[in-house]
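Convention: sequence-line order gives letters A, B, ...; per-chain numbering from 1.
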Amino acid sequence: MLKQFDNPYNPREIEEKIYKLWEKSGFFNPDNLPGKRKKTFTIIMPPPNANGSLHLGHALMLALEDIMIRYRRMKGDKTLWLPGADHAGFETQIVYDKIIEKEGRNRFEIAREKFYQEIWDFTQKNKALMENQIRKLGASCDWSRKKFTLDEDIISKTQEAFVDFYKEGLIYRGNRLVHWCVKHQTGFSDLEIVHEERIDPLYYIKYGPLTVATVRPETIFGDTAIAVNPGDKRYKSLTGKEIEVDVVIAKVKLKVIADPAVDPEFGTGAVKVTPAHDLNDYEIWQRHKNEIEGPREVINKYGKMNLIRHFPDSEEAKKYEGLKISEARKLIVEDLEKKGLIEKIDLTYRHNIALCYKCKNVIEPRLMEQWFVKMKPLAKSAVEAVKKGRIKFIPERFKKVYFHWLKNIRDWNISRQIVWGIRIPAWQCENCREWIISKEKPARCARCSSVEIKQDLDVFDTWFSSGQWPFLTLGYPDKKDFKNFYPTNVMETGWDILFFWVARMIMLGIYRAKKIPFKNVYLHGLIRDEFKQKMSKSKGNVIDPLGVVNEYGADALRMALIVGNTPGNDPVFSEDKVRGYRNFANKIWQASRFVLINSENFDFKSKPKLSATDKKKLNELSKIKKDISNLMESFKFYAASEKIYHYFWHIFCDKIIEEMKPRLNNENKKDKLAAQYILLEILKGSIKLLHPFMPFITEEIWSYLPVLRGLGQAENKKMLIIEKW
RNA sequence: GCGCGAUUAGCUCAGUGGUAGAGCGUUUCAUUGACAUUGAAAAGGUCGGAGGUUCGAUCCCUCCAUCGCGCACCA
């Protein structure tokens with residue numbers, strides 16, 4: 001009878017078989033769950049980027065969410081776990097750029113439509129691959145509801161949101177300095193840049209009667225003013241006056257203005273103002289629009305000098321034209337020195353510079369027209385939702401970080417100059433430059449009636465659409481799912497995308513869907529290698545979760561990722577740990593085999609007579625069950641998993657089974673029956689408690705178990721996945 | 001600059017206002033026992049430092065140190 005118990009436990013075939021059984025059962029779909037289930041429990045899966053394969057972080061994400069879903073499903077909830085995949089705009093385009101780079105191609109030379117189609121095919125391939133990887137990890141998500149961030153309805157609803165937001169005054173077209181990456185040729189939001197401390201020469205340049213300090217002398221061609229602090233007595237007499245300065249290739253007249261942003265303690269207390277290439281200076285100009293000239297762009301989008309148009313009469317300007325920033329800087333310093341205009345150079349100056357988060361090249365602030373979302377009104381209700389406890393953070397400390405970010409938030413640039421993404425539904429009249437915001441192409445310009453109308457080439461920041469993911473996936477605004485499953489219960493994701501994604505989902509959910517998108521935010525840590533290093537392809541320390549599954553089984557990997565891994569803290573991954581839980585899986589297997597072999601002749605008709613210590617053992621199990629339930633409810637999976645592990649191995653196997661052994665060989669039929677009964681009951685109870693964590697092996701063993709309902713009754717039984725907790 | 005986290009056994013980490021816990025590792029013993037992917041046992045920590053609150057602090061408060069991280073438009 002027990003031939004099915006290979007020795008030792010071999011997860012590979014069993015896991016494959018069990019997943020198919022689950023899928024066939026239809027129980028991943030909440031609509032198919034048996035019984036009356038009033039309470040819903042919903043998790044929208046953070047859609048993995050369809051530009052590669054799953055990494056350990058995904059495995060952790062899937063394990064955590066699957067644990068919650070399986071637990072709630074067994075508890076009797078109508079559980080929906082909605083899977084998906086993310087086109088991941090810029091990220092994917094960069095990945096694909098690198099691929100074609102190896103083929104000697106360049107995206108700027110490929111037609112837009114063709115490039116888009118190529119990336120589409122690329123992501124579709126990855127998507128299919130990833131979906132199978134998700135299955136291998138045991139994820140009990142509802143595949144019938146899976147969504148891709150470029151599904152037609154998602155695109156359409158995202159564009160509709162843009163149109164509505166524009167009408168509602170939440171979105172505007174702004175001409176302002178944006179973070180520009182010279183390599184990637186796109187603008188970014190505040191989140192796609194990173195700061196790095198550097199030591200750069202600080203040049204003190206004689207500027208007419210004044211001296212100014214700067215790290216970017218090459219921008220002096222774009223200066224439109226000099227600013228000093230209003231309280232600075234040294235410059236009182238010059239304030240408001242025009243002075244003539246020598247910018248090497250010409251002499252220009254600049255006004256000295258007073259602005260509180262200038263720190264009199266720093267440098268000389270006088271700042272050259274370059275509104276076209278510096279965020280601070282841009283803001284200074286905004287405050288002095290009436291007094292001084294606006295941005296004079298002298299560096300183009302390729303990071304090269306482009307100043308000749310501002311100095312048509314200067315022969316000297318020609319030698320700067322077209323130079324890279326670094327070259328121009330070298331040259332201007334030489335020229336300034338020749339003219340005796342460098343007062344001194346501070347070589348110890350430490351400051352922070354903005355870099356592209358992807359390529360780490362210096363960000364060039366660049367004046368551009370882009371679409372912006374006004375964040376202040378959105379941030380307000382997002383703060384409130386968390387403050388009032390309608391949304392809970394696990395761990396709680398991330399609230400502080402969240403509040404701090406929202407408090408200081410600035411408007412969100414959602415335009416990206418890339419191909420891979422959702423096109424912005426904005427159209428511009430070629431004739432009068434009027435913008436028309438509409439999903440469909442307008443027949444003619446509303447202002448001048450011209451029919452020469454072109455769509456904005458830009459696409460949305462990918463987070464603009466994924467920020468609406470919880471309600472878009474559920475079919476906002478009129479699908480039943482939206483009514484039934486929104487707001488969702490838990491958003492489980494890594495803390496690293498708290499701002500990128502979580503905060504924006506909260507803001508957009510409240511604004512657009514009129515309700516918070518989820519009640520709980522569970523933030524898991526980022527998995528580190530054994531040296532506590534972040535895992536990354538460039539470091540070559542990435543571990544393929546599927547390789548681990550193949551060797552040790554998904555159950556073992558899941559346990560290794562979950563046990564002792566507290567929310568918000570970065571866990572260290574070790575193969576030793578996986579090996580330990582592979583051993584545990586075998587332990588479960590062997591113990592189950594032992595119990596089943598010894599209960600083959602179990603008499604279901606007789607009523608076992610339990611001793612006091614027998615009853616104590618059952619009580620102990622129900623206490624464990626209660627403890628574990630409490631831990632599950634409070635999101636302490638790291639402790640719940642450890643508890644059941646410890647109970648099964650060190651109480652059930654080491655103590656209880658050992659204690660029962662003599663009784664199983666007892667002549668006394670009644671006593672033997674009681675021992676068999678105890679073993680079966682405790683095995684059954686433990687297998688259930690283990691199921692959310694180790695779904696495969698438990699489902700397999702469950703299929704062999706006679707299920708005792710009441711005393712002495714064997715009944716037809718259900719699959720473990722829908723058994724009652 | 002502002003903020004967050006960590007500091008507990010060799011390693012990775014839990015934890016609690018009342019004589020310190022787990023896993024892995026180490027040491028010793030056991031060997032055809034459901035399981036060697038095993039069992040039994042053992043060693044191993046003034047819980048980063050200094051103050052304070054308390055009858056009592058690893059835990060609460062203050063300061064400090066070291067490490068890690070996040071945010072930030074001072075040229």
Aromatic ring centroids of A:Phe693 and A:Phe584 under 6.0 Å? no

Answer yes or no: does a side-chain N or O of A:Asn352 lie under 4.0 Å from OP1 or OP2 of B:A72? no

Is the phosphate of B:G39, meaning OP1 or OP2, less than 4.0 Å from a side-chain N or O of A:Trp649? yes

Ring-face cation of A:Arg504 near A:Trp412 (centre distance under 6.0 Å, axis angle within 45°): yes

With a cut-off of less than 4.0 Å, is there a side-chain N or O of A:Tyr638 near OP1 or OP2 of B:G15? yes

It should be established whether A:His650 places a side-chain nitrogen or oxygen under 4.0 Å from OP1 or OP2 of nucleotide B:G23. yes

Looking at A:Lys376, I want to see if its NZ is surrounded by more than 12 non-hydrogen atoms of other residues, nucleotides or ligands under 6.0 Å. yes

Do A:Glu396 and A:Lys399 sit within salt-bridge range, that is, some charged N less than 4.0 Å from a carboxylate O? yes

Would you say the ring centers of A:Phe398 and A:Tyr402 fall short of 6.0 Å from each other? no

Quick one: label A:Asp576 by what it contacts on the DNA or RNA (base, sugar-phosphate, nothing), any heavy atom closer than 4.0 Å. sugar-phosphate

With rounding to the closest Å, how many angstrom separate the C1' atoms on B:U32 and B:U27? 26 Å

Whole-angstrom distance between B:C13 and B:G48, as gauged at atom P: 15 Å

Quick check for you: among B:C71, B:A34, B:A75, whose closest atom lies nearest to any side-chain atom of A:Asp278? B:A75

Euclidean distance for C1', B:C69 against B:C11 (whole angstrom): 22 Å

With a 4.0 Å cutoff (strictly under), does any side-chain N or O of A:Lys532 reach OP1 or OP2 of B:C13? yes

Considering only atom P, compute the distance from B:C61 to B:U7 and round it to an integer number of Å. 15 Å

Quick one: sort the A:Tyr677 and A:Phe602 rings into parallel, tilted or perpendicular, breaks at 30° and 60°. parallel

Counting just side-chain N and O atoms, does A:Tyr581 come under 4.0 Å of either OP1 or OP2 of B:U37? no

With distance as the sole criterion, do the side chain of A:Lys643 and the base of B:A14 form a donor-acceptor contact below 3.5 Å? no

Classify the nucleic acid contact of A:Arg397 as base, sugar-phosphate or nothing, counting any heavy atom under 4.0 Å across all strands shown. sugar-phosphate

From CD1 of A:Ile284 over to P of B:A75, roughly how many Å is that when rounded to an integer? 12 Å

Give me the distance, rounded to whole Å, that separates B:G10 from B:A72 when you measure between the P atoms they each carry. 40 Å

Length of the line joining A:Ile353:CD1 and B:A72:P, which is rounded to integer Å: 15 Å

Looking across every strand, which nucleic acid part, if any, lies under 4.0 Å from A:Ser574 by heavy atom: base, sugar-phosphate, or nothing? nothing

Between CD of A:Glu600 and C1' of B:A34 the distance, given in whole Å, is 13 Å

Considering every strand and a 4.0 Å limit on heavy-atom distances, what is the contact class for A:His277: base, sugar-phosphate, or nothing? nothing

Pairing partner (Watson-Crick or G-U wobble, both distances under 3.5 angstrom) of B:C69: B:G3

Tell me: CG of A:Asn7 to P of B:U38, nearest whole Å? 13 Å

A:Trp495 has a side chain; which of B:C69, B:A34, B:A75 sits nearest to it? B:C69

On RNA chain B, does the nearest nucleotide to A:Glu196 precede the nearest nucleotide to A:Ala591 from the 5' side, or the other way round? Give the residue. A:Ala591

Mind checking A:Thr274 for me? I need base, sugar-phosphate or nothing, with any heavy atom below 4.0 Å counting as a touch. nothing

Expressed in whole Å, how much space separates the C1' atoms belonging to B:U54 and B:U66? 29 Å

Is A:Asn565 touching bases, backbone alone, or none of the nucleic acid, heavy atoms closer than 4.0 Å? nothing

At under 4.0 Å between heavy atoms, what does A:Gly564 touch on the DNA or RNA strands: base, sugar-phosphate, or nothing? sugar-phosphate

Using the side-chain heavy atoms of A:Thr566, tell me which of these nucleotides is nearest: B:A14, B:A34, B:C69. B:A14

note: A:Phe652, atom CZ; B:U38, atom P; distance rounded to Å ~ 17 Å

Hey, does A:Asn569 reach any base, or is it just sugar-phosphate, or nothing, if we go heavy atoms under 4.0 Å? sugar-phosphate

Any chance you could lay out the ring-ring contact (aromatic ring centres under 6.0 Å, His included) test for A:Tyr203 and A:Tyr349, step after step, and finish with the verdict? CA-CA 10 Å; A:Tyr203 303 96; A:Tyr349 178 57; over 10 Å; no

Aromatic ring proximity A:Tyr522/A:His524, centre distance under 6.0 Å: no

Under 4.0 Å, heavy atoms only, any strand: does A:Glu530 hit a base, just the sugar-phosphate, or nothing? nothing

Examine the side chains of A:Asn352 and A:Glu197 and answer whether a donor and an acceptor come within less than 3.5 Å of each other. no

Confirm from the modelled atom types if A:Glu658 and B:A34 form a donor-acceptor pair under 3.5 Å, side chain to base only. yes

Atom-to-atom span, CD of A:Gln676 to P of B:A34 - whole angstrom: 15 Å

Give one of base, sugar-phosphate or nothing for A:Val572, where a contact means two heavy atoms less than 4.0 Å apart. sugar-phosphate

Which whole-number value in Å describes the distance from A:Glu659 CD to B:G33 P? 22 Å

Heavy atoms only, 4.0 Å cut-off, all strands: where does A:Phe499 land among base, sugar-phosphate and nothing? sugar-phosphate

Could you tell me whether A:Tyr581 and A:Tyr552 have their ring centroids closer than 6.0 angstrom? no

P atoms of B:A57 and B:U19, separation to the nearest Å: 11 Å

A:Arg593 has its side chain closest, among B:C73, B:C35, B:A75, to B:C35

Work out how far the C1' atom of B:C67 is from that of B:A30, and round it to whole angstrom. 44 Å

Selected nucleotide, minimal atom distance to A:Val271 side chain, candidates B:A75, B:C73, B:A34: B:A75

Tell me what A:Val262 touches on the nucleic acid: a base, only sugar-phosphate, or nothing, going by heavy atoms under 4.0 Å. base

Counting just side-chain N and O atoms, does A:Lys400 come under 4.0 Å of either OP1 or OP2 of B:C4? yes

With a 4.0 Å cut-off on heavy atoms, is A:Arg350 in touch with a base, just the backbone sugar-phosphate, or nothing at all? nothing

What is the separation between atom NZ on A:Lys577 and atom P on B:G25, rounded to the nearest whole Å? 14 Å

Quick check on B:A14: is either OP1 or OP2 less than 4.0 Å from any side-chain nitrogen or oxygen of A:Lys636? no

Under 4.0 angstrom, heavy atoms only, what part of the nucleic acid is A:Tyr645 near: base, sugar-phosphate, or nothing? sugar-phosphate

